[in-house]
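From a predicted model like this one, the values you see are computed outputs, not experimental measurements.
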Amino acid sequence: MGIKGKQQSSQTLWPLRNVLLVILSTWLLVDIIVNHMGDYGVALISSYLLEGKRSLMMEEYRGQAQICSTREGYTESSGVNGIRYKSRFKEGEDPWHQMKWVGEAAPCRVKGHLIDKLDDSRNFRRGYSLRFTPDVEDRTHMLPWMLASKIDLNQRERRVFLDLGTNRFNSSLTWFMRMYPCDFTEIHAFEFNAYMLQKPSQGFDEQANLRDGSPWSFMTKVTPEVPQWMLKRINIYHKLVGDEDDKAKNSVNITRFIKEELQLKATDTVVVKMDIEGSEWPILERWMGDPEMPNIIDELFVEVHYNHRSMHVYGWHNFGQISRERAKEILGDLRWRGFFVHFWP
């Protein structure tokens with residue numbers, strides 16, 4: 001081969017060598033980051049790969065960061081609600097107007113996660129308002145927004161559910177045991193009416209409920225109830241829940257109970273449902289002024305008791321003097337202060 005031929009061959013190989021060098025260098029860099037820099041290295045690569053999408057998202061939600069740095073973003077004041085998808089809507093085409101049982105996301109995240117919009121025009125009872133269900137207490141619309149579906153709350157050793165205003169055993173208490181994606185190690189249920197709330201004397205027999213049949217599928221004979229091992233985790237208190245201790249009224253200061261008696265901390269999983277017939281507002285006002293509480297409570301569900309003429313259609317008439325607008329504002333303020341809170345229907 002002549003000199004000219006060797007030069008041509010060398011020129012042909014150079015691009016291939018460069019490609020191989022780039023591949024080898026990239027492989028070495030990824031190996032160093034992933035295998036020698038731990039989770040930080042993986043996060044670094046993920047951030048780099050997602051940067052393009054992040055730029056598009058920032059463009060898509062232009063102005064959102066500014067709005068969510070203000071209280072108005074969380075209380076969803078006038079002019080805030082349409083920020084997420086306004087540019088996508090065509091005239092007369094709003095999927096959240098009537099078509100969707102599950103509502104849209106709020107303009108601002110809480111604890112870094114998407115949360116449901118404060119749907120006050122439907123009295124926070126979307127399924128019933130849109131006639132997807134005849135049950136005024138339907139909770140279907142809440143399921144996608146639960147915090148435990150976004151992060152694994154089961155990793156913590158102590159996992160606590162407080163049901164404040166339980167009513168019957170087979171109401172909210174059983175619903176959370178079945179539907180909330182966390183295995184609670186302890187449950188504290190408050191109901192003043194001792195005749196209304198009693199723990200079953202015997203747990204459900206799970207073994208006897210297994211249905212004989214195909215070895216390739218799992219079937220039960222009837223709908224399972226609460227087994228004995230779970231009943232042992234449940235503590236029932238026939239007391240009123242309030243903002244202060246009052247022996248004469250048989251009332252317990254729930255903030256003190258959480259901090260001092262249970263000694264719950266931010267490292268525990270803590271979920272609270274509150275349905276205490278109007279007594280919730282003084283407690284919530286106190287919690288908003290306590291910087292420890294949004295760290296202790298991972299997720300909060302609050303029954304809304306307010307005075308609005310539209311509530312008469314729902315069968316409720318005497319809900320106190322707080323307006324629907326003020327109720328929405330208080331829940332927005334809770335989110336603004338870091339509480340991952342929903343309206344409980």
If you measure only the distance, is there a donor-acceptor pair under 3.5 Å linking the side chains of Thr140 and Asp138? yes
Check side chain to side chain contact (heavy atoms under 4.5 Å, CB included) between [X] and all other residues, then give those that pass, not counting sequence neighbours.
| X | value |
| --- | --- |
| Phe218 | Leu210, Thr220 |
| Arg324 | Asp120, Asn123, Phe124, Tyr306, His308, Ser310 |
| Arg168 | Ser171, Met196 |

Between Arg131 and Tyr128, is NZ or CZ placed under 6.0 angstrom from the six-membered ring centre and within 45° of the ring axis?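 Satisfied, under 6.0 Å and within 45°.
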So does [X] pair up with [Y], basic N to acidic O under 4.0 Å?
| X | Y | answer |
| --- | --- | --- |
| Lys328 | Asp333 | no |
| Lys117 | Glu76 | no |
| Arg122 | Asp119 | yes |

Step through the shown structure and confirm whether more than 12 heavy atoms of other residues, nucleotides or ligands are within 6.0 Å of [atom1] on [X].
| X | atom1 | value |
| --- | --- | --- |
| Glu325 | CD | yes |
| Asn193 | CG | yes |
| Lys239 | NZ | no |

Can you run down the salt bridge (charged side-chain N to carboxylate O under 4.0 Å, His left out) pairs that involve residues 188-210, sequence neighbours left out, and say none if there aren't any? none
Which pairs, with at least one residue in residues 220-231 and sequence neighbours excluded, count as a salt bridge (charged side-chain N to carboxylate O under 4.0 Å, His left out)? Arg178-Glu225
Using the test salt bridge (charged side-chain N to carboxylate O under 4.0 Å, His left out), find all partners of [X] that sit at least two apart in sequence or belong to another chain.
| X | result |
| --- | --- |
| Arg256 | Asp245, Glu261 |
| Asp243 | Arg286 |
| Asp275 | none |
| Arg156 | Asp298 |

Suppose we screen for side chain to side chain donor-acceptor pair (under 3.5 Å). Which residues come up paired with Thr75, at least two apart in sequence or across chains? Ser77
With sequence neighbours excluded, give me every ring-ring contact (aromatic ring centres under 6.0 Å, His included) pair touching residues 140-169.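 Passing the test, one end in residues 140-169: Phe161-Phe176, Phe161-Phe184.
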In short, side-chain hydrogen bond (donor to acceptor under 3.5 Å, both in side chains) pairs touching residues 335-345 with sequence neighbours left out are Asp116-Arg335, Asp116-His342, Glu299-His342
